[in-house]
Structure formats: structure tokens, C-alpha cells
Engineer: 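Provided herewith is a single structure, encoded as C-alpha cells, for subsequent inquiry.
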Number of protein chains: 2
Amino acid sequence: MEKRATIKDVAEAAGVGVATVSRVLSGGSASASTRERVLAVAAQLDYRPSALGRNLRQRRTGGLGLLVPDLTDTFYGQLSEGVLACARSSGEPVVMGSTGGDPEQEAELIGMLLEQSVDRVIAVPSGDAETWAPAVRAGMTVVFADRLPPEAVREEEHDRDPAEHALDDLLLLDGLAARPRVPESAARPLDVPAVLADDRAGIRTAVRYLRGLGHRRIAFLGGPGHDRRAAAFREAVGAPVDEELVVFGTGSRDSAYAAASGLFQSRPDLSAVVAGGNVLGEAAVLAARELDLRVPKDVSLVMYDDVPWAELCAPPLTVIAQPGRDMGYRACELVLREGTRRARSVVLPTELIIRGSCGPRR
Amino acid sequence: MEKRATIKDVAEAAGVGVATVSRVLSGGSASASTRERVLAVAAQLDYRPSALGRNLRQRRTGGLGLLVPDLTDTFYGQLSEGVLACARSSGEPVVMGSTGGDPEQEAELIGMLLEQSVDRVIAVPSGDAETWAPAVRAGMTVVFADRLPPEAVREEEHDRDPAEHALDDLLLLDGLAARPRVPESAARPLDVPAVLADDRAGIRTAVRYLRGLGHRRIAFLGGPGHDRRAAAFREAVGAPVDEELVVFGTGSRDSAYAAASGLFQSRPDLSAVVAGGNVLGEAAVLAARELDLRVPKDVSLVMYDDVPWAELCAPPLTVIAQPGRDMGYRACELVLREGTRRARSVVLPTELIIRGSCGPRR
DNA sequence: TTGAAAGCGCTAACAG
DNA sequence: CTGTTAGCGCTTTCAA
């Protein structure tokens with residue numbers, strides 16, 4: 001970087017002290033004439049206060065971190081757009097990292113953020129509580145989006161008012177580190193606010209819809225981080241759950257395809273599948289095609305995530321839409337507001353968008 | 001952020017001077033015993049050198065900036081993944097911004113990067129040379145990816161190798177706007193290296209393919225930044241170009257749809273369209289369907305960008321694939337290497353992937 | 001091989 | 001209202 005004008009240069013050129021310049025530029029008190037002169041000189045010199053100096057002085061970066069598993073997944077693209085939009089409107093730089101769904105890379109990136117003194121981060125976590133402990137311990141404000149680390153799951157939910165499942169969810173997640181009897185020694189659950197979609201309601205609605213169409217053998221095809229959705233699925237189909245119908249890929253498109261294909265082949269009796277995310281939905285469509293299964297004639301499909309191409313698919317995909325962009329935006333708001341008041345988790349509603357990929361059981 | 005251990009803490013605890021700690025940690029010389037002790041203490045204190053202090057001292061952030069128009073566009077997602085991957089392997093943090101294709105937002109983000117002392121940036125530019133002038137003037141190392149700002153013209157390139165059409169392309173593109181006689185006063189052309197796909201060859205191949213299928217009225221559906229592709233298209237179809245068949249959207253999905261729909265309606269005689277990017281391809285498919293045009297029976301379609309869903313489309317889309325991830329990776333390499341030696345632009349090959357969206361002229 | 005000391009650009013006391 | 005000063009955490013001469 002070439003040499004830029006510093007506050008000292010401005011001060012000299014304006015014939016004032018550096019403190020005055022600092023004050024003027026950050027809206028402190030100053031006489032009109034001084035302010036004017038300083039401003040003029042600053043503009044003339046094209047002076048831009050260095051965030052480096054300021055941050056060092058204030059011992060914080062002021063920026064945000066954003067960690068997602070894969071920017072190639074449209075949903076995370078939407079979510080990131082939300083975060084970026086919110087951050088920009090607050091003038092906060094955001095340091096971004098893609099973890100590839102790998103806890104180790106995630107840990108590495110967390111370390112990098114720590115080094116940068118980035119003290120607020122929004123993440124779609126891939127690692128578990130242990131991965132995130134260093135961040136929390138270091139005093140980072142973290143907000144999870146889209147999902148929670150596996151260990152951050154709190155204990156069982158006793159069932160209740162069917163109309164209030166979102167609230168239920170809130171209770172569930174936030175709920176606390178400290179429910180009665182968690183051994184001290186166990187990995188301390190993280191107490192981190194999160195912005196999530198109402199997976200439970202979303203899945204339930206989808207399963208009911210498929211049930212209404214006559215489907216009885218419904219499968220769930222998930223990826224990393226889809227445990228809550230899988231749990232919701234199990235709950236929605238009710239006991240006894242045929243565990244063979246709940247399968248997981250490991251995150252890559254290939255593994256998603258393998259999982260889908262394996263599922264279709266090992267259980268030709270299934271008549272419907274719920275894909276836990278758009279990459280899995282993609283895989284399901286591909287695998288079905290490859291095996292000459294017609295959608296929805298031979299198999300019905302509903303996919304989590306509404307992405308533009310869902311509509312272009314043949315047939316257009318019925319989806320559980322979650323507001324990716326909003327989720328990102330909200331998460332960013334939470335992380336920015338934190339400090340003011342302890343942030344509460346947020347659960348956003350999903351919507352079942354019925355297109356053409358589900359039909360009556362054959 | 002809670003208080004972290006500083007270099008001073010480590011120095012004290014190890015009973016050495018701060019300079020020694022600094023040396024040890026950055027691989028300088030030190031006696032084995034000292035080194036060991038310092039390392040032990042550092043580990044024990046969980047010491048992490050603060051990038052803030054280091055950067056201030058060295059007057060640079062060491063990080064990279066990455067500016068793209070829209071993370072929701074899968075191609076930019078791919079490109080970003082490439083950049084992030086390369087940056088991570090070099091331990092560089094990347095500050096990301098989404099411009100929405102808006103030059104003003106882009107300028108704002110550039111200002112933000114300047115403030116952060118981020119002195120190296122990779123961008124898919126939305127603004128023109130004027131937008132980027134401040135960055136260059138400030139001494140930033142910038143590398144463009146995927147496209148060039150409209151005004152970004154460059155110096156002549158001599159020397160070529162007949163086998164290297166890529167070079168040819170560089171000439172072509174870079175060439176135009178201002179050959180020899182550019183008045184000094186005119187907006188100084190940017191001299192910025194770039195990583196581009198071989199649009200010219202890509203488009204030419206596609207057009208030839210369509211020609212071979214019997215198509216004569218071929219349209220080009222572009223978006224912002226697709227001027228080079230449009231130019232290549234004009235060149236490929238040859239004079240006289242029917243300018244009504246070259247239409248542009250403004251970047252949003254809606255406007256892309258409007259452009260596509262308008263095109264189909266105003267020129268029912270066209271039999272094929274080349275979409276300049278995946279968002280435009282998406283729009284074309286949608287618009288065609290809405291107008292009851294069958295692909296490829298009524299209209300053939302080839303889309304720039306290979307994205308996972310192209311294969312899921314009905315019919316699967318024939319595409320001009322460009323290596324988005326590689327482009328990002330290469331761009332990052334360029335920006336990192338710069339300083340060592342002046343970086344040269346890179347043109348990566350495209351590939352026509354024939355699937356099912358093109359058929360003989362009806 | 002090591003330590004002391006001088007800042008990098010900025011803000012926040014504290015005086016004047 | 002304004003200037004002086006003391007660092008923030010680190011790297012880097014420069015001596016010892």
C-alpha cells in the first residue's frame with residue numbers, strides 16, 4: 001500500500017492537534033471554524049482514518065466473521081447475502097470463510113478470526129461444542145445460523161401445545177445450558193443464540209402432506225447438520241421409525257448422490273423422500289433419474305430449501321422454503337446488537353411450496 | 001473480546017524480552033533453550049499474536065478483499081470458493097463484499113477496504129475504470145475475475161503463438177476501446193491483471209454448434225458485464241448483426257425474466273438463444289415455459305456457466321462451462337504473487353457441454 | 001543470541 | 001474548545 005495521509009498530516013496541514021482532528025472526524029466537539037478547516041484539509045488530502053490504528057487502540061476489529069460450509073450451496077449463498085447486506089448497512093467489514101463442512105477447517109478459521117481480533121461471528125457450524133469452545137472462551141460473540149452444533153442440543157422435549165411449536169423450539173435450543181442434570185464434566189453445552197428455520201414444523205407439514213397423498217414408506221435423506229431435521233422427521237412419521245429410511249450423505253455432492261442412489265436401490269418399496277437440503281434434493285433427482293424412477297409417478301420428492309432452480313426442474317420441485325436471506329440478516333442483527341442486551345434465539349417460519357414433485361402413492 | 005495474552009505477558013512469563021518472543025515466533029534466530037521455553041510458555045498461555053499489532057506495525061492488513069455482484073448466483077459462489085480456498089491455504093483472511101452489481105455499492109466497499117488497509121483485492125467488477133481508479137491510485141493490488149470494467153483497456157500485447165487463441169482473445173478484448181491514440185485526459189485505462197474465461201472461443205463454439213443444427217436466427221441474452229460475450233456473439237454470427245436479437249437484463253432475476261420474455265415475444269422467429277450467464281439461462285427457461293415454447297423443439301438454448309442444476313433441468317441444459325472455482329483460485333494466486341513480479345492476465349478455456357436443450361431448427 | 005527502545009495511526013484522558 | 005501525551009501489540013533496528 002502506498003503511503004496514505006495520516007491523522008498527523010491532517011493535523012499539521014490544518015494547524016491543529018491530532019486530537020482535534022480525531023474529534024472532528026468522530027463527531028466530537030469543536031468550533032465551527034476549526035471543524036470546517038479540518039474537514040476541508042481532510043478532504044483535500046483524501047484522508048481516510050486507518051481502521052488499523054483505531055482498532056489497535058480500541059482492541060477490537062469491529063468486523064464480523066462469517067463461516068459457512070459451502071458457498072456453492074445456494075442456500076448458504078442466500079444466507080450470506082443477508083449477512084453481507086446487514087453488515088454493509090452498518091459499515092462493518094465481514095471476514096468470510098468456507099469450511100467445507102469440515103470441523104478442522106472450521107477450527108482453523110476460528111483461530112484465524114481470533115488472531116484478527118474479530119470478536120463477533122456468525123456461523124453455520126460444522127464442528128461441535130468443542131470446536132466452538134475456544135471462540136466462546138475467548139469472549140467472541142457468536143450467533144449460529146441454520147443449525148446448531150450437535151452437542152448444543154439440549155435435552156428432551158416434553159410435548160405440548162401443538163400450535164406453539166416454534167416457541168417450543170426456542171425453548172429447546174436456548175434452553176439452556178443449565179437444565180437440571182448435566183454433569184459438569186460433560187462437554188459444556190454452548191449457550192449461543194441462533195437463527196433457525198422452524199425445521200420441525202416444516203418437516204411435519206411435508207410429512208403430513210405426503211401422508212395425505214397416501215405415502216407410507218417415506219424416507220429422509222440428510223446431510224451434515226441435518227440432525228434436527230432428521231429428528232423432526234422421526235417425530236413426524238411416528239414410532240416405529242424405519243431407520244433404514246433415514247440416511248445421510250457427508251456433505252459433498254458425490255456422497256449425497258451415493259446416499260440417494262443407495263437408498264433407492266436398497267429400499268425399492270419407498271414411495272416418497274424428504275431431502276434435508278437442496279444439495280440432497282439435487283442428488284435425489286439425479287439418482288432417481290439414473291435408476292429410471294419417475295418423479296412423482298414412482299417416487300414423490302420434497303426438498304428442503306427453495307432455490308431458483310427448483311422451479312426449473314422436471315417436474316418442478318415441491319419444497320420446504322426457508323427464508324435464507326432473512327436468516328442471514330437477522331443473524332447479523334443479533335450479533336451486532338449483542339452487548340446491548342443478551343440476544344435471544346429466533347426461529348423463522350418455513351413454507352411448504354407445492355409444485356409438481358409429489359403425487360399420490362402409486 | 002476478553003483480554004488475551006500479549007507478547008509482553010509471554011516475555012515476562014518466560015523471563016525474556018519481547019523481541020525474543022517475537023523472533024522465536026516468527027522463526028528468527030534464538031538459542032534452542034530459549035526457543036523451547038518461549039514456545040512452551042506461549043502454548044501454556046494460549047498466546048496468539050495479534051494481527052492488529054502486527055498489521056499496524058507493518059502498515060498493511062495482509063488480508064484480501066473479494067467483491068462479487070451476487071452470492072446467490074452459483075457461478076460467483078464457485079468463484080468465491082476458489083478464492084477462499086487459495087486464501088485459506090495461505091492463511092490470509094478475506095474480507096468479502098457483495099455489490100449487487102451496483103457501482104455505487106462497489107465504490108463504497110472499495111472505500112471500506114481502503115479504510116481497513118486491505119491492499120489486495122479480487123473483484124468481479126460492476127463499476128467502470130472511474131470506480132476503480134481510487135483503489136489503484138491508493139496502491140491497491142487488484143485482480144479482476146470473470147470480466148473487466150467497460151473502460152478497462154490495456155496496453156498492447158505483442159507476440160503471439162498461433163496455437164494460443166487465448167492470447168488472441170486478450171488482444172481482442174483488451175484491445176478495443178482504445179488503441180494507439182488515447183488522449184491523456186481521457187479516463188486513464190486501468191492496468192490491472194485479470195482472470196477470464198475464453199468467452200470468445202466459448203461463444204463461438206456455441207454459435208457454430210447452433211448453426212450446425214440449422215439455426216439462423218440466434219439471439220443473445222445478456223446481463224451486466226456480459227459485453228465481451230455479446231461482442232463475441234456478434235463476431236460469431238457475423239455481420240449483419242440483427243441487433244434486436246441482442247438483449248440485456250439489468251442483473252436481477254426479474255429483469256432477466258423480463259428481457260427473456262420480451263425477446264421471445266417480440267421475435268417469435270428466433271429459433272435459438274445463447275444465455276450469457278446462469279441467471280439468464282434460468283430466466284430463458286422460465287420465460288419459454290410460460291410462453292409455451294418447448295425446449296428444444298421450439299427453441300434451442302445454450303447457457304453460459306455450468307451449474308449443478310443445469311443437469312436437472314427439463315431438458316438438461318447444454319452449457320458453456322467455465323471453471324469458476326479455478327478462476328477464483330488463480331485470481332487469488334495472482335493477487336498473492338503480485339509484488340514478486342508483475343502479474344499477467346490469464347485466460348482459461350471453456351467447454352461446450354452438450355446435453356439436451358438444443359435441437360435442429362424446427 | 002539477546003534486550004531496550006522506537007514507533008506504526010489512532011483515541012482517550014488530562015491539562016490548559 | 002483544543003493540544004499534549006500515553007499507550008494499544010507488535011516488529012525491527014541497534015547495541016550489548
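What you see is a predicted model, and the numbers here were worked out from it, not measured in a lab. Naming: A, B, ... by sequence-line order, numbering from 1 per chain. In what follows, every heavy atom counts, from backbone to side chain, and hydrogens, waters and symmetry copies are set aside.
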Engineer: Which residue, T20(B) or Q58(B), contacts DNA chain C at a nucleotide closer to its 5' end, judged by nearest heavy atom?
Structural biologist: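 Taking each residue's closest nucleotide, the earlier one in sequence belongs to T20(B).
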Engineer: Hey, is the side chain of S31(B) poking within less than 4.0 Å of OP1 or OP2 on dT2(C), counting only N and O atoms?
Structural biologist: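 The answer is yes; a side-chain N or O of S31(B) sits under 4.0 Å from OP1 or OP2.
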Engineer: Base, sugar-phosphate, or nothing: which does G53(A) touch, judged by heavy atoms less than 4.0 Å apart?
Structural biologist: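 Contact class for G53(A): base.
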Engineer: Rounded to the nearest Å, what distance is computed from the CD atom of residue E12(A) to the P atom of nucleotide dG9(C)?
Structural biologist: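 For the pair E12(A) CD and dG9(C) P, the rounded distance is 12 Å.
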Engineer: Which nucleotide, dT1(C), dA13(C), dC1(D), lies nearest any side-chain atom of T34(A)?
Structural biologist: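 The answer is dC1(D), which lies nearest to the side chain.
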Engineer: As a test of reading the structure: which of dA12(C), dT11(D), dC1(D) is closest to the side chain of V18(B), going by heavy atoms?
Structural biologist: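 Among dA12(C), dT11(D), dC1(D), the one nearest the side chain of V18(B) is dT11(D).
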Engineer: Between the base of dG9(D) and the side chain of R4(B), is there any donor-acceptor pair under 3.5 Å?
Structural biologist: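 Looking at the base of dG9(D), it does not pair with any donor or acceptor on the side chain of R4(B) (distance under 3.5 Å).
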Engineer: Report yes or no: does R330(A) contribute a side-chain atom to a donor-acceptor pair with the main-chain N or O of L196(A) at less than 3.5 Å?
Structural biologist: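 Such a contact is absent between R330(A) side chain and L196(A) backbone.
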Engineer: Under 3.5 Å, is there a donor-acceptor pair between the E81(A) and S98(B) side chains?
Structural biologist: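 A donor-acceptor contact under 3.5 Å links the two side chains.
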Engineer: Sub-3.5 Å donor-acceptor pair from the side chain of D128(B) to the main-chain atoms of T131(B), do we have one?
Structural biologist: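 Between the backbone of T131(B) and the side chain of D128(B) there is a qualifying donor-acceptor contact (under 3.5 Å).
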Engineer: As a test of reading the structure: which of dT11(D), dC10(C), dG9(D) is closest to the side chain of S22(B), going by heavy atoms?
Structural biologist: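 The answer is dT11(D), which lies nearest to the side chain.
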Engineer: Between R37(A) (CZ) and dG3(D) (C1'), how many Å, whole number?
Structural biologist: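 Spelled out: CZ on R37(A) to C1' on dG3(D) is 13 Å.
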Engineer: With side-chain hydrogen bond (donor to acceptor under 3.5 Å, both in side chains) as the test, would you mind laying out the steps for D102(A) and T99(A) before giving the verdict?
Structural biologist: CA-CA 6 Å; D102(A) 175 9; T99(A) 65; over 6 Å; no
Engineer: Nearest to the I7(A) side chain among dC10(C), dT2(C), dC10(D), which nucleotide is it?
Structural biologist: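 Closest nucleotide among those given: dC10(C).
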Engineer: How many Å lie between CG on D9(A) and P on dC8(C), as a whole number?
Structural biologist: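 D9(A) atom CG is separated from dC8(C) atom P by 11 Å.
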Engineer: Please report, rounded to the nearest Å, how far the C1' atom of dA12(C) is from the CG atom of N55(A).
Structural biologist: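 One finds 16 Å between C1' of dA12(C) and CG of N55(A), rounded.
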Engineer: Let's see if you can work this out: which of dA6(D), dA13(C), dT2(C) has an atom nearest to the side-chain heavy atoms of A30(B)?
Structural biologist: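 Of the candidates, dT2(C) comes closest.
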Engineer: Once you round it to whole Å, what is the distance between C1' of dC14(D) and CZ of R23(B)?
Structural biologist: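 Distance, rounded to whole Å: 11 Å.
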Engineer: On the nucleotide dT11(D), are OP1 or OP2 found under 4.0 Å from the side-chain N or O atoms that R54(B) carries?
Structural biologist: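 The answer is yes; a side-chain N or O of R54(B) sits under 4.0 Å from OP1 or OP2.
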Engineer: Please give, in whole Å, the distance from dC10(C) C1' to L56(A) CG?
Structural biologist: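 Nearest whole value for this atom pair: 8 Å.
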Engineer: Rounded off to whole Å, could you give me the CZ-to-C1' distance for the R57(B) and dG7(D) pair?
Structural biologist: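 That distance rounds to 15 Å.
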Engineer: Is the shortest heavy-atom distance from the side chain of R337(A) to the side chain of L334(A) under 4.5 Å?
Structural biologist: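 Contact flag for R337(A)/L334(A) side chains = yes.
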Engineer: In whole Å, I'd like the distance from the NZ atom of K8(A) to the P atom of dA6(C).
Structural biologist: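 It works out to 14 Å between those atoms.
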Engineer: Taking donor-acceptor contacts at under 3.5 Å, does the side chain of R48(B) reach the base of dG9(D)?
Structural biologist: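 Not at all, since no donor on one side and acceptor on the other fall under 3.5 Å apart.
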Engineer: Go through dT4(D), dC10(D), dG3(D) for me and flag the one nearest to the V16(A) side chain.
Structural biologist: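 Looking only at side-chain atoms, V16(A) lies closest to dG3(D).
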